[in-house]
Amino acid sequence: MPRYDAKRIEPKWQTFWDQHQTFKLGSIDPSKQKLYVLDMFPYPSGAGLHVGHPEGYTATDIVCRYSRMKGKQVLHPMGWDAFGLPAEEYAIRTGTHPAVTTAKNIETFKRQLKSLGFSYDWSREFATTDPDYYRWTQWIFLQLFDTWYDAEHTWTGPDGVTRTGKGRPIAELPIPADVASQGQEAVRRYQDKHRLAYQHEAPVNWCPALGTVLANEEVIDGKSERGGHPVERTPLRQWLLRITAYGDRLANELEDLHWPESIKLMQRNWIGRSEGAEVDFWIGGFGREPSSSTSSRSGGRESPGSAATAQLSADSRGESNQGAHAPRSEEFGEWKVARAKTGFPKEPSNDVLRIYTTRPDTLFGATYMVLSPEHPAVDRLTTPEQQAVVDAYRQQAAMKSDLDRTDLAKDKSGVFTGGYAINPINGEQVPVWIADYVLISYGTGAIMAVPAHDVRDCEFAEKYGIPIMWVVEPPQGYEYSKEELTFPLERKIDVLYPFTGEGKAIHSSIYNGLKTHVFKAKITNDLAENGLGRRAVNYRLRDWLFSRQRYWGEPFPIWHELDANGQPTGLMRVDDEASLPVRLPEMADFKPTGTPEPMLSKAPADWLCKTTVDGVRLKRETNTMPQWAGSCWYYLRFADPKNDQQFLDPAIEKACLPVDLYVGGAEHAVLHLLYSRFWHKVLFDRGLVSTCEPFQRLVNQGMILGEVDENGRAEKMSKSRGNVINPDTVVDEFGADSLRLYEMFMGPLEAVKPWSMKGVEGVSRFLARVWRMIADELHEEAVRLNPAVQDVPPSAEQLRVLHRTIKAVTNDIESLGFNTAISRMMEFVNEFLSSEVRPRAVMDPFVLLLSPFAPHLAEELWELLGHTTTLAYEPWPTWDEQHLIETEVEIPVQINGKLRGKVKVPVNADQPTLEAAAKSDPTVASQLEGKTIVKTVVIPGRMINFVVK
RNA sequence: GCGAGAGUGGCGAAAUUGGCAGACGCGCUGGACUUAGGAUCCAGUGCCUUAAUCGGCGUGGGGGUUCGACUCCCCCCUCUCGCACCA
């Protein structure tokens with residue numbers, strides 16, 4: 001009994017909290033302050049809890065327990081992100097239904113979390129796989145399906161900021177007259193094209209072994225992240241969510257969030273907004289008069305500023321080709337005149353190639369164009385002579401995954417289509433190539449190539465002997481250093497390299513001499529005025545591929561209409577709200593179909609098909625949603641988890657949201673955290689939530705590495721390295737309080753830190769010392785107070801130590817500096833263990849300070865100190881500066897900035913007193929001997945410095 | 001390559017606005033109590049020098065600002081993370 005015994009104490013209090021529902025949050029009182037503290041809920045894997053989980057969970061638990069004692073209403077829930085591939089993979093191997101595996105894993109996780117004493121309100125627990133939850137996931141999908149993005153709509157948000165662009169009900173989508181005139185079906189198809197949730201056919205990463213498409217981030221080096229199976233590119237009709245519509249708002253509204261700058265930056269980069277211009281290059285009725293070849297051009301390589309480039313000035317080049325292509329030049333002139341009248345069309349017409357560029361100021365340097373191999377104009381442009389190579393190249397490109405295509409270690413490749421286009425700014429003919437370094441999914445899928453001022457274009461032009469034309473003069477003093485030729489990676493281009501910076505325009509006709517940024521604005525304007533171009537914004541962000549061919553995910557609440565032959569018409573119906581959830585059908589066979597046909601296509605016919613009352617045959621959508629769907633909105637449901645009338649009561653939403661503190665790993669920086677923000681904004685636009693952003697403050701806990709090895713290095717924990725620490729064994733050996741305290745004591749929450757079992761022992765010893773400070777360890781039979789704990793008034797020094805500790809611990813918790821908070825409590829204990837008398841008036845508040853960190857031990861000691869209720873809602877101790885005042889302080893004495901001694905002086909000693917005291921110090925005196933004091937710097941109560949010669 | 005962050009004892013780490021570098025813990029050394037110690041307690045512990053003081057050197061390296069720099073400025077090195085043909 002006498003020793004500190006976590007095994008006895010911890011289950012006792014865990015049972016107590018359960019039975020008393022100590023941490024259940026009832027209805028919210030709007031007059032009291034609320035605090036919503038959220039952990040990223042775990043995927044309940046078969047491996048059980050990892051020591052990384054309790055790191056963030058302990059941090060939030062400390063904040064919650066502290067905040068409750070400060071009188072706040074704390075919402076602190078926990079649940080399970082339980083859909084996903086691992087359970088389904090396990091089902092394929094063993095035949096165990098994913099629901100069974102999932103339930104078992106949740107049970108393990110819950111037992112483990114409970115054993116750590118976290119103060120979750122377990123009455124709010126749910127899993128994303130619960131039909132009562134995914135019912136509303138499906139419902140939110142229907143909201144996305146029912147929404148279109150009105151990019152013109154201007155409105156003012158709750159923050160007073162005026163924004164442009166808002167999601168609106170599809171019923172409010174204006175239908176163009178020509179569509180409306182074609183009847184109801186045309187209108188429906190038009191609407192379907194504008195929904196935030198839409199279907200689109202595109203090449204995707206298809207993994208036959210896993211039987212599903214994968215997101216780009218789930219594919220590594222052309223193989224699946226899970227299992228290392230090959231991934232193919234296959235065009236498939238898939239569901240996409242129009243996240244790109246929200247690109248601007250997702251980027252801009254990061255600004256005011258209390259998030260780590262690195263995460264904000266990652267999101268901005270991921271969204272990748274760029275500004276530039278779209279420009280139409282004229283191709284006319286191409287194919288009639290293929291140009292002889294590029295060799296007719298002055299195909300030599302020019303160096304910057306050489307005579308060769310001057311000779312290729314816009315005018316002379318125009319003339320040199322005049323003869324060979326006179327008819328086309330005339331037509332071009334006519335086209336240009338027409339364009340000036342009609343303006344720049346919304347969609348590119350068939351007689352142009354529309355390109356996107358961020359450097360319209362380099363238009364005069366465009367010596368060729370590149371289309372992505374999938375570009376629809378390739379067929380029209382390709383000449384008969386080039387048809388074979390073009391076809392071969394396109395086929396080869398189609399086989400490559402995105403990752404293969406973007407692999408920098410590979411050479412650039414491409415083929416000439418035989419076709420030419422005319423540069424609208426100078427009437428020059430430029431050859432049109434196809435190359436897979438141009439992606440169909442970005443911009444317009446076509447570029448103007450300016451090898452003099454773009455690294456990639458330069459490499460390509462070098463390889464294929466395409467002329468290079470300098471149109472930007474680098475600023476004075478710019479050095480054409482050879483090293484900058486390095487691209488990609490270690491490969492050198494040793495002839496010429498591009499200048500990609502800003503400078504002054506050359507060889508650019510009337511624009512010569514303009515600075516880059518001025519030129520950009522001016523030419524964009526000029527192009528727009530002549531209907532040849534327009535300002536444009538692009539994003540690296542792609543629409544979110546939202547469907548998977550797995551079983552273990554949310555079914556879509558969507559039906560496809562079938563025609564008389566049983567073929568889909570492309571028209572859809574939705575399940576009405578009352579019929580949700582669309583439950584997963586029971587299935588016995590989890591083997592992948594082996595084709596891109598979704599698993600659910602093997603579902604029973606009564607689930608798959610039905611006929612409407614008006615006789616239309618319908619077939620269910622058989623894709624399921626990705627795992628991210630459930631985690632996109634779980635933080636909302638926690639506020640109102642049992643509501644079976646709506647996904648979230650608006651009054652409760654206003655009272656509980658947004659999340660005030662969100663803690664989790666940085667690995668979700670551009671996935672979950674971006675997807676959630678997107679959904680939240682859609683829900684906001686549709687009036688379903690009242691804030692623009694879901695997570696006010698975000699903190700990323702740092703990864704916990706394995707123990708430092710003999711080389712002084714620490715590596716990631718992994719099964720293969722055999723350095724994984726199981727929280728269960730730590731709890732078993734040292735107790736939950738020790739594990740919690742250790743994980744907080746290791747270092748700053750956000751830092752990457754190595755594990756140390758010795759360190760756990762250390763904090764465990766500290767807790768034993770706390771126990772000994774208050775409990776009587778010498779008494780063998782019963783738990784008793786240590787005789788040193790007495791009902792006597794504390795000394796001034798004891799009060800000083802107490803109040804210093806209260807102040808430090810309070811401030812440290814506020815700033816999430818848990819490691820230093822713990823060290824302050826250690827100092828307190830070191831102090832009082834050597835004290836014969838430990839006044840109860842000092843021990844009581846100390847136990848309260850300790851309670852957020854080591855709640856089991858604290859409750860036990862609180863009881864031992866004679867209290868009869870839980871300390872969970874005891875007022876947090878406050879400090880009084882009065883007690884912190886010291887009468888005497890030790891002041892460092894420096895000579896020329898070097899510490900030479902220390903003197904004790906009264907705290908309010910004036911400068912002369914201080915100087916005299918300092919000079920009386922023997923060491924200082926001897927150092928000053930024979931020297932002149934030139935200056936004396938005194939910071940009262942801080943330090944004194946003699947400057948001597 | 002681009003972007004972000006970080007380099008402090010043997011190890012994990014502390015250090016308000018520039019003001020005593022190394023709090024706290026681990027480890028180590030010596031001692032006490034012990035049949036025993038992986039329990040507990042006491043003392044010491046940045047490095048060099050010293051019997052001990054004194055002294056000298058110390059926050060990745062080099063320069064600078066200042067009475068005074070882990071902290072601010074410039075250059076360089078190393079490590080970690082993220083992105084990686086987005087025109």
Side-chain angles (χ1 to χ4, degrees), chain A residues 3 260-266 268-270 272-274 276 355-359 362 370 405-408 410 412 435-439 441-450 453-457 459-460 484 486-490 538-542 666-667 669-670 702-703 707-708 712-714 742 745-748 750-763 765-766 768-769 772 777 811 817 819-827 830 833-834 890-902 923 926-927 934-939 942-948:
Chain A
R3 289 265 174 90
E261 277 309 313
S262 59
I263 300 284
K264 290 192 191 180
L265 199 70
M266 266 194 242
R268 283 196 199 98
N269 289 343
W270 188 263
R273 182 194 149 96
S274 77
I355 59 101
Y356 171 73
T357 179
T358 54
R359 290 294 299 269
T362 60
V370 186
R405 282 181 60 164
T406 57
D407 190 349
L408 285 189
K410 291 216 173 76
K412 290 212 169 25
D436 62 10
Y437 80 91
V438 173
L439 309 172
S441 49
Y442 185 79
T444 60
I447 62 160
M448 65 172 197
V450 186
H453 306 292
D454 182 280
V455 188
R456 298 147 306 186
D457 297 345
E459 192 195 3
F460 192 84
E484 289 198 24
T486 308
F487 183 88
L489 303 179
E490 295 309 313
N538 260 298
Y539 302 92
R540 309 177 68 129
L541 185 69
R542 306 294 149 81
E667 66 273 16
V670 288
M703 206 195 320
E707 298 242 5
V708 175
R713 295 184 72 89
Y742 172 64
F745 186 61
M746 294 169 85
E750 303 193 59
V752 178
K753 313 162 277 267
W755 183 266
S756 157
M757 216 42 114
K758 286 285 187 190
V760 186
E761 269 182 54
V763 293
R765 275 202 285 272
F766 162 69
R769 284 154 64 79
R772 253 198 321 278
E777 200 162 67
N811 290 339
N819 53 333
T820 46
I822 293 166
S823 71
R824 302 319 283 263
M825 290 191 282
M826 287 174 167
E827 284 175 345
N830 289 344
L833 266 184
S834 60
E890 204 179 45
I891 299 277
V893 183
Q894 298 178 355
I895 295 171
N896 286 345
K898 285 200 182 223
L899 183 70
R900 293 300 176 187
K902 289 175 189 179
T923 322
S926 73
Q927 287 279 332
V934 212
K935 191 177 170 186
T936 307
V937 182
V938 175
I939 312 288
R942 284 294 232 171
M943 51 79 64
I944 176 164
N945 185 18
F946 296 110
V947 184
V948 301

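Lettering follows sequence order; numbering is per chain, from 1.
If you take atom C1' in B:C20 and the same atom in B:A4, they sit 34 Å apart, rounded to whole Å. Between the C1' atoms of B:U71 and B:A14, the separation comes to 14 Å (whole Å). Comparing the P positions of B:U29 and B:G18 gives a spacing of 42 Å, expressed to the nearest Å. Comparing the P positions of B:C42 and B:U17 gives a spacing of 35 Å, expressed to the nearest Å. Comparing B:U45 with B:G22, their C1' atoms sit 12 Å apart, to the nearest whole Å. Separating the C1' atom of B:U16 from that of B:C70 is a span of 15 Å, rounded to the nearest Å. Rounded to the nearest Å, the gap between the C1' atom of B:C41 and that of B:G46 is 26 Å. Distance noted for atom P between B:A52 and B:U34: 32 Å (whole Å).
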Which letters describe nucleotides 65-71 of chain B, given B = protein heavy atom under 4.0 Å from base, S = only from sugar-phosphate, - = neither?
-> --BS---
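Side-chain N/O atoms of A:K412 and base N/O atoms of B:C85 include a donor-acceptor pair closer than 3.5 Å.
Shown are A:T357, A:V370, A:L439; of these, the side chain to side chain contact (heavy atoms under 4.5 Å, CB included) with A:I447 is made only by A:V370. Considering A:D457, A:D454, A:I355 in turn, A:I355 is the only one that fulfils the side chain to side chain contact (heavy atoms under 4.5 Å, CB included) rule with A:M448.
Side-chain nitrogen and oxygen atoms of A:N819 include at least one within less than 4.0 Å of the OP1 or OP2 phosphate oxygen of B:A14. Under 4.0 angstrom from either OP1 or OP2 of B:C41 there lies at least one side-chain N or O belonging to A:R772. Between A:K753 and B:G12 there is no side-chain N or O to OP1 or OP2 distance below 4.0 Å. Taking only side-chain nitrogens and oxygens, A:R769 comes nearer than 4.0 Å to OP1 or OP2 of B:C41. A sub-4.0 Å separation between OP1 or OP2 of B:G55 and a side-chain N or O of A:Q927 is present. For B:C57, one of the phosphate oxygens OP1 or OP2 lies less than 4.0 angstrom from a side-chain nitrogen or oxygen of A:K898.
From A:M826, atom CE reaches atom CZ of A:F745 across 4.0 Å, with rounding to the nearest 0.5 Å. In this structure, OH on A:Y742 lies 12.5 Å from NZ on A:K758, to the nearest 0.5 angstrom. With rounding to the nearest 0.5 angstrom, the CD1 atom of A:I891 is 11.5 Å from the NZ atom of A:K902. In this structure, A:Q894 CD and A:M943 CE are separated by 4.0 Å, a value rounded to the nearest 0.5 Å. Atom CG in A:N896 sits 7.0 Å away from atom CG in A:N945 (nearest 0.5 Å).
In this structure, A:T357 reaches the sugar-phosphate backbone alone: every heavy-atom distance under 4.0 Å involves primed, P, OP1 or OP2 atoms, never a base. At a threshold of 4.0 angstrom between heavy atoms, the contacts of A:V934 with the nucleic acid are absent. Residue contacts shown for A:S274 are limited to sugar-phosphate atoms, with no base heavy atom under 4.0 Å away. As judged by a 4.0 angstrom heavy-atom cut-off over every strand, A:G762 is placed among residues touching the sugar-phosphate backbone only. No engagement by A:S926 is indicated, since no non-hydrogen atom pair under 4.0 Å with the nucleic acid exists. Using a 4.0 Å heavy-atom distance criterion, A:D457 is classed as making no nucleic acid contact. Contacts of A:R273 with the nucleic acid, taken as non-hydrogen atoms under 4.0 Å apart, are absent.
Between A:A768 and A:P754, the one whose closest nucleotide on RNA chain B sits nearer the 5' end is A:P754. Positionally, the nearest nucleotide of RNA chain B for A:Y742 lies more toward the 5' end than for the other of A:V763 and A:Y742.
Nearest to the side chain of A:P748, among B:G55, B:A13, B:C26, sits B:A13. Counting only heavy atoms from C-beta on, A:R765 has its side chain closest to B:C26 among B:U80, B:C26, B:A13. For A:K758, the side-chain atoms get nearest to B:G27 when compared with the rest of B:G27, B:C20, B:G82. Relative to the side chain of A:Y356, the nucleotides B:A87, B:G27, B:C20 differ in distance, and B:A87 lies closest. The side chain of A:S823 approaches B:A23 more closely than any other nucleotide in the set B:G25, B:A23, B:U17. Each of B:C24, B:G3, B:A87 was ranked by its minimum atom distance to the side chain of A:F745; first place goes to B:C24. The side chain of A:S262 sits closest to B:A4 out of B:A4, B:G55, B:A87. Closest to the side chain of A:V438, from the set B:U17, B:A87, B:C24, is B:A87.
One interatomic measurement links the two molecules: CE of A:M746 to C1' of B:C11, which rounds to 12 Å at whole-angstrom precision. One interatomic measurement links the two molecules: CZ of A:R713 to C1' of B:G7, which rounds to 14 Å at whole-angstrom precision. In this structure, A:M266 places its CE atom 19 Å from P of B:C2, rounding to the nearest Å. One interatomic measurement links the two molecules: CG of A:N830 to C1' of B:C24, which rounds to 9 Å at whole-angstrom precision.
Counting heavy atoms from C-beta outward, A:N819 and A:P748 have side chains that approach closer than 4.5 Å. In this structure, the side chains of A:R769 and A:L833 come closer than 4.5 Å at one or more pairs of heavy atoms.
Counted by atom type alone, A:N269 and A:R540 present zero donor-acceptor pairs between their side chains at under 3.5 Å.
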For RNA chain B, the dot-bracket notation using Watson-Crick and G-U wobble pairs below 3.5 Å, [ ] for pseudoknot-type crossings and | for other-strand pairs, is (((((((..(((......[....)))((((((.......))))))(((......)))..(((((..]....))))))))))))....
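Base orientation of B:G9: syn, the glycosidic angle falling within 90° of 0.
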